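Input: a single structure, listed below in C-alpha cells.
Note that this is a predicted model, so its numbers are computed, not measured. Each chain gets a letter, A, B and so on, in the order the sequences are listed, and its residues count up from 1.
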Amino acid sequence: MINITLPDGSTRKVESGTTAYDVAMDISEGLARNVLAAEVNGEVWDPQREIRSDASLKLLTWNDDAGKSTLWHSSAHLLAEALESLYPGVKFWVGPPIEHGFYYDVDFGDQTFTDKDFTAVEQKMLELAKTKNPFIRKEISKAEAIAYFTEKGDEYKLDLLEGLEDGTITLYTQGNFTDLCRGPHMPHTGFVKAAKVMSIAGAYWKGDESNKQLTRVYGITFPKKQELTAYLELLEQARARDHRKLGKEMDLFAFSEKVGQGLPLWLPKGAELRSRLEDFLKEAQRKAGYQGVITPHIGNKELYITSGHYAKYGADSFQPIQTPAEGEEYLLKPMNCPHHCEVYKARPRSYRDLPVRFAEFGTVYRYEQSGELHGLTRVRGFTQDDAHIFCTADQVKEEVSNVIDLVLYIFDILDFKDFVVQVSLRDPENPEKYIGSDENWEKAERAIQEVAEEKGLNTIVELGEAAFYGPKLDFMVRDAIGRKWQLGTVQIDYNLPERFELEYVGADNSKHRPVMIHRAPFGSMERFVAILIEHCAGKFPLWLTPEQVKILPISDRFNEYAKGVSKVLENHDIRALVDDRSEKVGKKIRDAELEKIPYMLIVGESEAAEGTVSVRRQGEGDVGGMSVEAFAERIRSEIAEMLKKKD
RNA sequence: GCCGAUGUAGCUCAGGGGUAGAGCGCAUCCUUGGUAAGGAUGAGGUCACGGGUUCAAUUCCCGUCAUUGGCUCCA
C-alpha cells in the first residue's frame, strides 16, 4: 500500500499501481471524466500512469493551466494524426502546447497545404476525437526507437532521438499515430469537442535561419464547442483594439508607400497626443534633475566606429551618406548614445557635477528587416525618449533605482498594470556577441539584479537578451492580441565610456571613468503610443486625448451660442470643437460617441437662455446641466485627479 | 531577409475574361430637431505597379512594391 496526499492535505491509502484516474473515480465519476492530467510529486503525469510510491497528487482539469496544456499537447498529436491521414508521407518535427493552443512543425514534402485546407483538417480531427482513442504510453529503448523511426523514414524524429538518453524514451500512440514524446497526455482523444486550425507559417527548423523552413500549423482545441466560439469572439474584440485599425479610424497616423516602409507619418491628432505625452515626461524629467540636450540627426561614420555600433550593425543599417568630400561619410543616427557621449566630453567634468543626465527626444533610423515591420510598434524611423546618465560607480544603483521609479510613475498615471520586468543578461554560451571586460559585465549584471530585487519587481531573467554593450532591465507589456513588446528600458554600460574615453576628475584630483546608464521610460514614442491605443481601446485619458469636448447645438440657431461656449472653454485650455452640421442631435451624439470624445455638450434653447450646457459623458450618457464655468472646473479637477496619483 | 496570405471609391468590403458595385464618409438641397443613425440628389475608382497570355485582362500567369500571420532579427 502507498499513501496519496491530496491538495487539501487529506491522505488516502491505496494499492501500489493505482492511477490518478482511479483516485479521481474514487472521489467522483464526474471528476474522473474531467481529469486531463495529474501532478504527481510536482511532475505532470498521464492520469493513467501507475503510481508506485507515496506521492502528493493533484488532479488537473481544463481549469488548471497544466490541464489546458495537456489537452493542447494531446491535440497537437491529434492534428498530426489528421495530417498524416490526409497527407500521407508528411514528416513531423515537434508539436508543443503554447499559450493559446498548440502548433506542430510539419514537413509537407512536395504536397501543399493552404488555409483552404483548414476545414478538412478540423473535420478530420473531430472525427478522430470522436473515436475516443486512448493515448498509450510505451517506454522503449533508444535502439528500438531508432529502428522504429528509421523504418518510418522520419529523419526529424531520428534527429530528436540523437539528443535523448537511453532509458528515458517514451512513445505515445493514439489510433494510427505514434509519436516520440515525453508526454504527458490526456486519457483519450474524446476530450476534444471543438478544433480550429488557426494559421500556418514558415518556421526555420530548430529556429536557425540557415536551416530549411518547415510549415508550422497553429491550432486550438476546446473541451466544449461554445468555448471555441467564445474564444473566437474574444479574438475579434482584441482585433478591434488593434492600434493599426484605431490609428486609421481616429486619424492618428498613416504610412505612405512613397515616403517608405516603416516610416510613420503623424497626423495632426496623433501629433497632438504625442506632444502631450512628451510634455508630460519632460516635466517629470525636469523634476528628476534631467537636462535637455539637442543633437543632429546624422553623425560622422567615425563616431560609430568608435562606439562599436558600426562593426556590429553597419552592414544591416541604412548605408552611409556620401558628401562631396572624398571619403567623408555620415550615418543617419541609429541611436543617440554616441552623440550624448560627445555632449559629455564637451567640457571637463568633476565628480561634483555627477550624475549628469542628458535627455533628448531623439529620432533614430534603423533598417529593420522588412518582415519585422509592424504598425507603430516596429518601425524604421522612431523617436526615443532617450536620456543618458553619467555617474560614478557608487551612484549607479541609486540612479537605476530612480529611473525605475520614473517608469513606474508613468505606468501608474497611464494605468498600465499588466507588465513584466525582464532582466536581460548575457548569453553565457556566446560571449563573442558582447564587448567589454567580464569584470565590468559582472558588475553591471549584479547591480541591475540587486536593484530589481530591492524594488520588489516582478522579474523574469532572460539570458542572451542583453544589449551588446551591457545588461538591461526592460519593461515588457502586451498588445491587444497578446504579443509582448519592450517599452521602458534601463541599461548599464561600462563600455561606451571606455571607448569614448570619458573621464571625470575625482576628489583625489585624478581622472576616473564614469558609468553610463541608457534609459527610455516609454521606449519610443511610436511603440508607446501604439500600446497606449490598444490599452485604452482608443479612449484616451481626458488629459491626453486630442479632442476633449464636442459641443452639439440642437439646431443651427444655436451655433453661435455653441461657438461662444467653445471660446470660453478654449480660455480654460480645454480642447473643444463645435459640431455645426445640419444634423439632428441624435446623430451628432452617435458620431461623437463613436469618435470616443470624452464629453459632449448639448446646447439648445434653454441652455442658451441660461448660459448653461447639458453635459453628456462618453459611454455613460447624460450627466445633467451646469454652467459653462462649472463644466470647465469639472474638467480641470478631473485632470488634476488623474495626474495626482503617486506624484 | 525567409515561408504563407492579401491589395477593388476616403473607410469597410462584395464582384468577376467583354473597361465595376454596396454601406458608411464627402458635396449640394430640403428638413431645424432635446441625448446613439431624418430625407433627396450628386461627385468619387488607370480595380497597387510593371510585364506576359488573349480578339479582349481589373479578373488568368510572372515579376515588383506595399500590407499582413508567423519564423529569424531587434543598438
Check your understanding: Can B:rG10 be described as syn, meaning its chi torsion is within 90° of 0, or is it anti?
Key -> anti
Review point. Counting side-chain heavy atoms from C-beta on, which of B:rU32, B:rG38, B:rG69 comes nearest to A:Glu583?
Key: B:rG38
Point to revise | Upstream residue (5' side of RNA chain B) when A:Arg557 and A:Gly262 are each assigned their closest nucleotide | key: A:Arg557
Review point. Considering only the P atoms, how many Å lie between B:rA57 and B:rG17, rounded to the nearest integer?
Key: 14 Å
Review point. Within the structure shown, what part of the strands sits under 4.0 Å from A:Ser199 by heavy-atom distance: base, sugar-phosphate, or nothing?
Key: sugar-phosphate
Practice item. Please determine if a side-chain N or O atom of A:Arg616 lies less than 4.0 Å away from the OP1 or OP2 oxygen of B:rG34. Key: no
Review point. Of the nucleotides B:rA75, B:rC71, B:rG34, which has the atom closest to the A:Arg216 side chain?
Key: B:rC71
Exercise for review: Between B:rU6, B:rU31, B:rC71, spot the one nearest the side chain of A:Ser582, thanks.
Suggested key: B:rU31
Point to revise | Of the listed nucleotides B:rG1, B:rG7, B:rG38, the one nearest the side chain of A:Ser370 | key: B:rG1
Check your understanding: Rounded to whole angstrom units, what separation is found between the CZ atom of A:Arg581 and the C1' atom of B:rG38?
Key -> 13 Å
**Study point:** Aromatic centroids of A:Phe113 and A:Phe118 separated by under 6.0 Å
**Key:** yes
Review point. Around A:Ile294, counting heavy atoms of other residues, nucleotides and ligands shown, do more than 12 lie under 6.0 Å from its CD1?
Key: no
Practice item. Measure the distance from CG on A:Asp579 to P on B:rC26 and round it to the nearest whole Å. Key: 10 Å
Practice item. Please determine, for the side chain of A:Asp556, which listed nucleotide (B:rA75, B:rU32, B:rG70) has the closest atom? Key: B:rU32
Point to revise | Distance, P atom - from B:rC49 to B:rA66, rounded to whole angstrom | key: 15 Å
Point to revise | Selection from B:rA75, B:rG69, B:rC71 that lies nearest to any side-chain heavy atom of A:Ala201 | key: B:rG69
Check your understanding: Just checking A:Lys312: base, sugar-phosphate only, or nothing, at a heavy-atom cut-off of under 4.0 Å?
Key -> nothing
Exercise for review: With heavy atoms under 4.0 Å as the rule, sort A:Gly207 into base, sugar-phosphate or nothing.
Suggested key: sugar-phosphate
Check your understanding: How far does the P atom of B:rU59 sit from the matching atom of B:rU46, given to the nearest Å?
Key -> 15 Å
Practice item. Would you check, one step at a time, whether the test ring-ring contact (aromatic ring centres under 6.0 Å, His included) holds for A:Tyr344 with A:Phe500? Key: CA-CA 10 Å; A:Tyr344 179 88; A:Phe500 280 91; over 10 Å; no
Practice item. Scan A:His518 against the nucleic acid and name what it touches under 4.0 Å (heavy atoms): base, sugar-phosphate only, or nothing. Key: nothing
Check your understanding: Taking the nucleotide of RNA chain B with the closest heavy atom to each, which residue, A:Gly621 or A:Glu209, is nearer the 5' end?
Key -> A:Gly621
Review point. Can you tell which of B:rG33, B:rG69, B:rG25 lies closest to the side chain of A:Lys587?
Key: B:rG25
Practice item. Considering just the side-chain nitrogens and oxygens of A:Arg244, establish if one lies under 4.0 Å of OP1 or OP2 belonging to B:rU68. Key: yes
Point to revise | Parallel, tilted or perpendicular, as decided by the 30° and 60° cut-offs, for the rings of A:Phe255 and A:Phe253 | key: perpendicular
Review point. Under 4.0 angstrom, heavy atoms only, what part of the nucleic acid is A:Ser307 near: base, sugar-phosphate, or nothing?
Key: nothing
Review point. If only atom types and distance count, is the side chain of A:Glu607 paired as donor or acceptor with the main-chain N or O of A:Gly604 below 3.5 Å?
Key: yes
Check your understanding: Out of B:rU67, B:rC2, B:rG38, which has the shortest distance to the side chain of A:Gln261?
Key -> B:rU67
Revision key, fill the gap. Side-chain atoms of A:Glu605 come closest, of B:rC73, B:rG34, B:rG1, to B:rG34
Review point. Has A:Tyr313 got its ring stacked on the base of B:rA75, with centres under 5.5 Å and planes less than 30° apart?
Key: yes
Study note, to complete from the structure: Checking B:rA66, B:rA75, B:rG70 against the side chain of A:Gln213 (C-beta onward), the nearest is B:rG70
Review point. Atom NE2 of A:His374 and atom NE2 of A:His243: how far apart are they, to the nearest 0.5 Å?
Key: 5.5 Å
